[in-house]
Amino acid sequence: QVHLAESGGGLVQAGGSLRLSCLASGGTFSNYGVAWFRQAPGKNREFVAHITRSGGIADYTSSVKGRFTISRDDAKNTVYLQMNNPKPEDTAVYLCAASPLGVVVITPYGYDYWGQGTQVTVSP
């Protein structure tokens, strides 16, 4: 059983930067690929980024490529999402999720464990 806890959300101005963290406990973190999803009010949960178990492959949804960076530190059981140049349309609750699969998974159904989420609000 893996427990995930997100932190680092808040209010940021467009063009600024913000770093989200996802701290894992209760399992062997390096065995899991980890993703960030986001969900805005009235919208479906949306894939943002994924990093594989080894950290060798990272993938992003097209709208954040070149602005967001996902990374992991297995010694700290933590995955990060560095958000540079955020835009108002990035406003959402950001959730991290863990999958035992060894490939990039962009659907929420591929993830066994979820955090509670952290709110990110980007002002114009």
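All values reported here derive from a predicted model rather than from experimental measurement.
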Indicate whether the side chain of N44 and that of E46 have a donor and an acceptor atom separated by less than 3.5 Å.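 No, no side-chain donor-acceptor contact under 3.5 Å.
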No-hydrogen, no-angle side-chain donor-acceptor test under 3.5 Å, R45 and Q39: yes
About how many Å separate [atom2] of [Y] and [atom1] of [X], when rounded to the nearest 0.5 Å?
X: C22; Y: E6; atom1: SG; atom2: CD; answer: 5.5 Å
X: I106; Y: T61; atom1: CD1; atom2: OG1; answer: 8.0 Å
X: N77; Y: R72; atom1: CG; atom2: CZ; answer: 9.0 Å
X: Q13; Y: S123; atom1: CD; atom2: OG; answer: 4.5 Å

Transitively linked via ILVMFWY side-chain contacts under 4.5 Å: [X] with [Y]?
X: I51; Y: M83; answer: yes
X: W36; Y: Y111; answer: no
X: I70; Y: Y94; answer: yes
X: V105; Y: Y113; answer: no
X: V48; Y: L18; answer: yes

Verdict with reasoning, I57 to V104, per side chain to side chain contact (heavy atoms under 4.5 Å, CB included): CA-CA 8 Å; I57 298 175; V104 175; 3.9 Å; yes
Smallest separation among heavy atoms of [X] and [Y], with atom names:
X: V93; Y: G117; value: CG1-CA, 3.9 Å
X: P100; Y: Y32; value: N-CD2, 3.7 Å
X: A92; Y: A40; value: CB-N, 3.9 Å
X: Y60; Y: F47; value: C-CE2, 4.0 Å
X: G27; Y: V2; value: CA-CG2, 4.1 Å
X: P124; Y: P88; value: CA-CG, 4.1 Å

Would a 4.5 Å heavy-atom cut-off, applied to side chains only, mark [X] and [Y] as touching?
X: T52; Y: H50; answer: yes
X: Y80; Y: L20; answer: no
X: N84; Y: F68; answer: no
X: L4; Y: L23; answer: no
X: F29; Y: V79; answer: yes
X: Q82; Y: S17; answer: yes

Taking atom [atom1] of [X] as the centre, does the number of heavy atoms from other residues, nucleotides or ligands within less than 6.0 Å exceed 12?
X: Q116; atom1: CD; value: no
X: L101; atom1: CG; value: yes
X: Q119; atom1: CD; value: yes

Hey, is D74 close enough to K76 for a salt bridge, meaning N to O under 4.0 Å? no
How far apart are the C-alpha atoms of F37 and W114, what are their side-chain angles, what is the distance that settles it, and do they pass the ring pair (Phe, Tyr, Trp, His ring centres under 6.0 Å) test? CA-CA 10 Å; F37 286 78; W114 291 84; 5.1 Å; yes
So does S30 get a backbone contact from the side chain of T28, meaning a donor-acceptor N/O pair under 3.5 Å? no
Determine yes or no for a side-chain-to-main-chain donor-acceptor pair under 3.5 angstrom, with T91 supplying the side chain and V122 the backbone. yes
Check side chain to side chain donor-acceptor pair (under 3.5 Å) between D90 and all other residues, then give those that pass, not counting sequence neighbours. R38, R67
Give every residue pair that meets the disulfide (SG to SG under 2.5 Å) criterion with at least one member in residues 55-85, sequence neighbours excluded.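 Passing the test, one end in residues 55-85: no pairs.
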